[in-house]
A.B. asks: 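Provided herewith is a single structure, encoded as structure tokens, for subsequent inquiry.
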Amino acid sequence: MDSGTPISEVPYRYDVTHRSAEVVAGWDRLGAGEESGDVVSVAGRVMLLRTQGKVAFAQLRDSSGAVQLFAQSGVTEDLDGFARLNLGDWIGARGEVVRTRRGELSVKVREWVLLAPARRSFGDKWRGVSDVETRYRQREVDLWANESSRRTLRIRSELVRALRERMWALGFVEVETPMLHVVHSGGEARPFRTHHNALGLDLFLRVAPELYLKRLVVGGFEKVFEIGRNFRNEGISPRHNPEFTMLEAYWAYADYQDVMALFEELVAGVAADVVATTELTYQGRPLDLTPPWRRATMTELISEHTGHSLSVRTPRDELAGLLASTGASVEESWGPGKLLAEYYEKTTETELWGPVFVCDFPEEVSPLARRHRDGPGLVERFEPVVAGRELGNAFSELVDPDDQRERFAAQAARRAAGDEEAMALDEEYLRAIEYGLPPTGGLGLGVDRLAMLLTDSANIREVIAFPTLRPERGEGSAQ
RNA sequence: GCGCCUCUAGCUCAACGGCAGAGCAACGGACUCUUAAUCCGCAGGUUGGGGGUUCGAAUCCCCCGGGGCGCACCA
């Protein structure tokens, strides 16, 4: 465990000339037993070490891959020290690029230096670490031990980049809006509460940036987007983390039909960028993201999956009875729209493999969406559903301040009735759209959920570097 | 929040009512072309914590804690 060098004596920097993958690719044509005459410096972590008396082989891994180090008596300084390295030690090594007699491209070490000793070991050198709790709590260990974890987080990073670049290319302007909100609004969810000392003000962590983004549209940003964290004080599940990343975008002069086309092109585009195909396999089932995606109304899909022909005009008692028959609880305050949406979620949504755009939601459950141009009681809203879950949410935005005020009032009534998910009335937002919000299409896309699809991850925690867990020692709250 | 499953050495796992073990890592040693190198040696544990049943508990029961899955809530 002790490599001998006090940590205080390791160097402050190391000159790296090549990454391991560059060595492996750059001297590809070197024959077995040949020496190139080229000297390189590499650095990384020792993952395997085979000593053999006067010679030793190590696998050095860096972020690009791995390369073998070949140490030999008479060539390598401090061979004994090299042979005593521990798995997990960081070292820098300089030497000639050679290919061993057995054909392994290697750096034949002349000088090497310990950059950081590993006081703890990284698990079984062959089996790694598989305990999921260790993998999520000590992601640094997981990443060194498991190639699939490295790949998952790298794909997530590339996904975020691809989303940005495509939005930029489409002329959307990236903005940042507050995460500390005075008013809980913009999304139906229970918020986290926090406090600002100097202002003596209780604040909410945002559940969605929606209202601020639309205020920027009012301000003249005709195409805006934000990629950022939202916080929702709700249960944790394989598909839910309390903080999660959302892409939200607003597009002036567009409606939800335009947004549908944008959504499917964006998702298919980033899939092609990141995993080079739109034809995925998710959890063993084929999943084809190639546009165009199916468009179907919520009522059509309910009919397909349950045989019941329902709508927001179906008598409330009938809807309530059907919903109750699924085992779901029914609240007295719910109207037909809410009951219909609940019934859809209970019976149909999880059965949809998709991708499919579920269109035309009840107005009752959509306080920020514009009334459907030819469907009373409905709004122009869709949810893209993939693998039985929502990948996002989008609508023709509600632009009428009077209508918006009424919708907020309905939400306020629910809040008064004890519904902590209901939005509060946001006067600042109402004032903003009184200046005039043009026809606007908006969308939200769950970045973690999309990352799950692209990495074939069953659990959202796989695509979040440090998912929310209870504290290790069972202790209480933040210090 | 409720239900089911799970927790054994640093890691991966055995032992499933009868002496807590193995492989890898670590530690000591042999070996000048290895590929999870090999070989010899040594050490490693409050079996998640607490209580109970029993002649005897890692094993059965109860409570507590962490994690996973499902339900509920949601993207």
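These values consider heavy atoms only, across backbone and side chains, with no hydrogens, waters or symmetry-generated copies. In what follows, every chain begins at residue 1, and chains take the letters A, B, ... in the order their sequences are listed.
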A.B. asks: Let's test this: given Watson-Crick or G-U wobble pairing with both distances under 3.5 Å, identify the partner of rC13(B).
C.D. replies: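 rG21(B) - that is the nucleotide pairing with rC13(B), both distances being under 3.5 Å.
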A.B. asks: Mind checking the C1' distance from rA9(B) to rC5(B)? Whole angstroms is fine.
C.D. replies: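 24 Å, rounded to whole Å.
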A.B. asks: Check this one for me: any side-chain N or O of K125(A) less than 4.0 Å away from OP1 or OP2 of rA25(B)?
C.D. replies: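 Result: yes.
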A.B. asks: What's the gap between rG56(B) and rC19(B) when it is taken at their C1' atoms, as a whole Å value?
C.D. replies: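 Straight-line distance between the two C1' atoms is 12 Å.
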A.B. asks: Between D360(A) and T297(A), do the side chains contain an N or O donor and an N or O acceptor separated by less than 3.5 Å?
C.D. replies: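 Their side chains do not contain a donor-acceptor pair, so the 3.5 Å distance test is not met.
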A.B. asks: Take E140(A) and R120(A) through the salt bridge (Lys or Arg N to Asp or Glu O under 4.0 Å) test and state the conclusion after the steps.
C.D. replies: CA-CA 12 Å; E140(A) 58 282 355; R120(A) 298 171 183 268; over 6 Å; no
A.B. asks: If we ignore angles and hydrogens, is there a donor and acceptor under 3.5 Å between the side chains of S457(A) and E462(A)?
C.D. replies: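 E462(A) and S457(A) do not have a side-chain donor-acceptor pair below 3.5 Å.
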A.B. asks: Using the six-membered base ring of rA37(B), report whether F57(A) stacks on it, requiring centroids under 5.5 Å and planes under 30° apart.
C.D. replies: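 No, aromatic ring not over the base.
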A.B. asks: Using the C1' atom in both, what is the distance from rU59(B) to rU47(B), to the nearest Å?
C.D. replies: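 These two C1' atoms come out 10 Å apart once rounded.
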A.B. asks: Using a cut-off of less than 4.0 Å, is there contact between a side-chain N or O of Q52(A) and OP1 or OP2 of rU38(B)?
C.D. replies: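 So the side chain of Q52(A) is outside the cut-off, no N or O lying under 4.0 Å from OP1 or OP2 of rU38(B).
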A.B. asks: Using the C1' atom as the point on both nucleotides, what is the distance between rG41(B) and rC63(B), in whole Å?
C.D. replies: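 Rounded to whole Å, the distance is 46 Å.
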A.B. asks: Starting at the 5' end of RNA chain B and moving along, which residue's nearest nucleotide shows up first, L469(A) or S237(A)?
C.D. replies: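 Per heavy-atom nearest nucleotide, the more 5' residue is L469(A).
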A.B. asks: Looking only at N and O atoms, is any donor in the side chain of Q72(A) or the base of rU32(B) less than 3.5 Å from an acceptor on the other one?
C.D. replies: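 Check passes, donor-acceptor contact within cut-off.
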A.B. asks: Under 4.0 angstrom, heavy atoms only, what part of the nucleic acid is L445(A) near: base, sugar-phosphate, or nothing?
C.D. replies: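 The residue L445(A) makes no contact with any strand.
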A.B. asks: Within less than 4.0 Å of OP1 or OP2 of rA75(B), is there a side-chain N or O belonging to N241(A)?
C.D. replies: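 Result: no.
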A.B. asks: Phosphate oxygens OP1/OP2 of rC73(B): is one of them under 4.0 Å from a side-chain N or O of N233(A)?
C.D. replies: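 Checking rC73(B) against N233(A), no side-chain N or O comes under 4.0 Å of OP1 or OP2.
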A.B. asks: Tell me if the side-chain of D124(A) makes a donor-acceptor pair with the base of rG23(B), cut-off 3.5 Å, by modelled atom types.
C.D. replies: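 Result: at least one qualifying N/O pair found.
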A.B. asks: Do W251(A) and D258(A) have a side chain donor and acceptor closer than 3.5 Å?
C.D. replies: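 No, D258(A) and W251(A) have no side-chain donor paired with an acceptor closer than 3.5 Å.
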A.B. asks: Choosing from rA36(B), rC11(B), rA26(B), which nucleotide comes nearest the side chain of V129(A)?
C.D. replies: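 Closest nucleotide to the V129(A) side chain: rC11(B).
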A.B. asks: Checking base pairs now: Watson-Crick or wobble, both atom distances under 3.5 Å. What partners rU8(B)?
C.D. replies: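 Checking every strand shown, rU8(B) finds no partner, since no pair has both distances under 3.5 Å.
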A.B. asks: Partner lookup for rC31(B), please. Criteria are Watson-Crick or G-U wobble with both distances under 3.5 angstrom; report none if nothing qualifies.
C.D. replies: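 Base partner found: none.
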A.B. asks: If the P atom of rC42(B) is compared with that of rA22(B), how far apart are they to the nearest Å?
C.D. replies: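 To the nearest whole Å, 12 Å.
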A.B. asks: Write down the distance separating the P atoms in rC60(B) and rG1(B), rounded off to the nearest Å.
C.D. replies: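 That atom pair is separated by 27 Å.
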A.B. asks: Is N230(A) near enough to rA75(B) that one of its side-chain N or O atoms lies under 4.0 angstrom from OP1 or OP2?
C.D. replies: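 No, N230(A) has no side-chain N/O under 4.0 Å of OP1/OP2 on rA75(B).
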A.B. asks: Counting side-chain heavy atoms from C-beta on, which of rU12(B), rG23(B), rG10(B) comes nearest to S121(A)?
C.D. replies: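 Selected nucleotide (nearest to the side chain): rG10(B).
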A.B. asks: Could you tell me the separation between the CG atom of N86(A) and the C1' atom of rC27(B), rounded to a whole number of Å?
C.D. replies: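 About 10 Å, once rounded to whole Å.
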A.B. asks: Do the side-chain N or O atoms of R470(A) get closer than 4.0 angstrom to the phosphate oxygens (OP1, OP2) of rG66(B)?
C.D. replies: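 For rG66(B), OP1 or OP2 has a side-chain N or O of R470(A) closer than 4.0 Å.
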A.B. asks: Using a cut-off of strictly less than 4.0 Å, decide whether R127(A) has a side-chain nitrogen or oxygen near OP1 or OP2 of rU12(B).
C.D. replies: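 Indeed not, no polar side-chain atom of R127(A) lies that close.
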A.B. asks: Considering just the side-chain nitrogens and oxygens of T134(A), establish if one lies under 4.0 Å of OP1 or OP2 belonging to rG66(B).
C.D. replies: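 False: T134(A) side-chain N/O out of range (4.0 Å or more) of rG66(B) OP1/OP2.
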A.B. asks: How about R156(A) and T245(A): does a side-chain donor come under 3.5 Å of a side-chain acceptor?
C.D. replies: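 Their side chains do contain a donor-acceptor pair, which is all the 3.5 Å distance test asks for.
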A.B. asks: Say you pick atom P in rU12(B) and the same atom in rG52(B); how far apart are they, in whole Å?
C.D. replies: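 Their P atoms lie roughly 32 Å apart.
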A.B. asks: Which part of the nucleic acid does Q59(A) contact within heavy-atom distance under 4.0 Å: base, sugar-phosphate only, or nothing?
C.D. replies: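 No contact.
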A.B. asks: Touch check for G128(A), heavy atoms < 4.0 angstrom, all strands: base, sugar-phosphate only, or nothing?
C.D. replies: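 Sugar-phosphate, backbone atoms only, no base.
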A.B. asks: Between Q138(A) (CD) and rG10(B) (C1'), how many Å, whole number?
C.D. replies: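 Going from Q138(A) (CD) to rG10(B) (C1'), I get 10 Å.
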A.B. asks: Atom NZ of K54(A) and atom P of rA30(B): how far apart are they, to the nearest Å?
C.D. replies: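 Going from NZ in K54(A) over to P in rA30(B) covers 9 Å.
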A.B. asks: Over 60° means perpendicular and under 30° means parallel, so classify the ring planes of Y256(A) and H372(A), tilted if in between.
C.D. replies: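 Perpendicular.
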A.B. asks: Starting from P on rC69(B), measure out to CD on E462(A) and report it in whole angstrom.
C.D. replies: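 Rounded to whole Å, this separation is 9 Å.
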A.B. asks: Look at the side-chain N and O atoms of K108(A) and state whether any lies under 4.0 Å from the OP1 or OP2 oxygen of rU32(B).
C.D. replies: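 So the side-chain polar atoms of K108(A) never come under 4.0 Å of the phosphate oxygens OP1 or OP2 of rU32(B).
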A.B. asks: Can you tell me the distance, in whole Å, between the CD atom of E421(A) and the C1' atom of rA75(B)?
C.D. replies: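 After rounding, the reported distance stands at 12 Å.
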A.B. asks: Say whether S20(A) and R61(A), considering side chains only, have a donor N or O and an acceptor N or O under 3.5 Å apart.
C.D. replies: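 No, R61(A) and S20(A) have no side-chain donor paired with an acceptor closer than 3.5 Å.
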A.B. asks: Taking a pair as Watson-Crick or G-U wobble with both distances under 3.5 Å, which nucleotide is matched to rG70(B)?
C.D. replies: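 The base-pairing partner of rG70(B), which may sit in any strand shown, is rC2(B).
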A.B. asks: Do N146(A) and S148(A) have side-chain N/O donor and acceptor atoms under 3.5 Å apart?
C.D. replies: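 Absent: no donor and acceptor within the cut-off.
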A.B. asks: Whole Å only: how far is the CH2 atom of W126(A) from the C1' atom of rG23(B)?
C.D. replies: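 So the two atoms are 14 Å apart, to the nearest Å.
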A.B. asks: Select base, sugar-phosphate, or nothing to describe what F122(A) touches, counting heavy atoms under 4.0 Å on all strands.
C.D. replies: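 Nothing, no nucleic acid heavy atom in range.
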A.B. asks: Classify the nucleic acid contact of G53(A) as base, sugar-phosphate or nothing, counting any heavy atom under 4.0 Å across all strands shown.
C.D. replies: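 If one applies the 4.0 Å heavy-atom cut-off, G53(A) turns out to touch a base.
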